[in-house]
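Only one structure is covered here, and it is reproduced in the block below.
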Amino acid sequence: MRKYVDGQDKVLMKVVCNKCGRPLKVENGYLREFCFAGDAVFGYFSRRDGVAQHFDLCEDCYEEWTARFAVPVEESEALELL
């Protein structure tokens, strides 16, 4: 879950992990730790037709979630970090 400063165009104020509720580190409008941002837009033929959802996960919750996948996530080395 993300909160932005009122009246400011997308200046990040707070990020909270949707699973565990832990606040993530934000300094001067920038997120200072890993955060998985999930976005889903449900289209025709889904049970949530027309609904858009967004969620954020801290690194621990992301690892716990992906560890339960029946097919493991694909991993490769990132040569350039942003």
Identify the heavy atoms of Cys58 and Cys20 that sit nearest to each other, and give their distance. SG-SG, 3.9 Å
Qualifying side-chain hydrogen bond (donor to acceptor under 3.5 Å, both in side chains) pairs with a residue from residues 19-29, counting only residues at least two apart or across chains: Lys19-Glu64, Arg22-Glu33, Lys25-Glu27
Transitive ILVMFWY side-chain link Met13 to Val16, under 4.5 Å: no
Of all the heavy-atom pairs spanning Leu24 and Leu31, show the shortest one and how long it is. CB-CD1, 3.9 Å
What's the shortest heavy-atom distance between Cys35 and Val15, and which atoms? SG-CG1, 4.1 Å
Please list, one pair per line, the donor and acceptor atoms closer than 3.5 Å that link side chains of residues 36-52 to other protein atoms, with sequence neighbours excluded.
from	atom 1	to	atom 2	distance (Å)
Asp39	OD1	His54	ND1	2.7
Ser46	OG	Gly43	O	3.0
Ser46	OG	Arg48	N	3.2
Ser46	OG	Asp49	N	3.2

Which donor-acceptor pairs under 3.5 Å do the side chains of residues 68-79 make with protein atoms, sequence neighbours left out?
none

Under the 3.5 angstrom rule, does the side chain of Asn18 hit a backbone N or O of Asp56 as a donor-acceptor pair? yes
Passes side chain to side chain contact (heavy atoms under 4.5 Å, CB included), Leu12 versus Tyr30? Steps please. CA-CA 6 Å; Leu12 193 58; Tyr30 293 98; over 6 Å; no
Please check if Tyr4 and Met1 belong to a single hydrophobic cluster, counting links between Ile, Leu, Val, Met, Phe, Trp and Tyr side chain heavy atoms closer than 4.5 Å. no
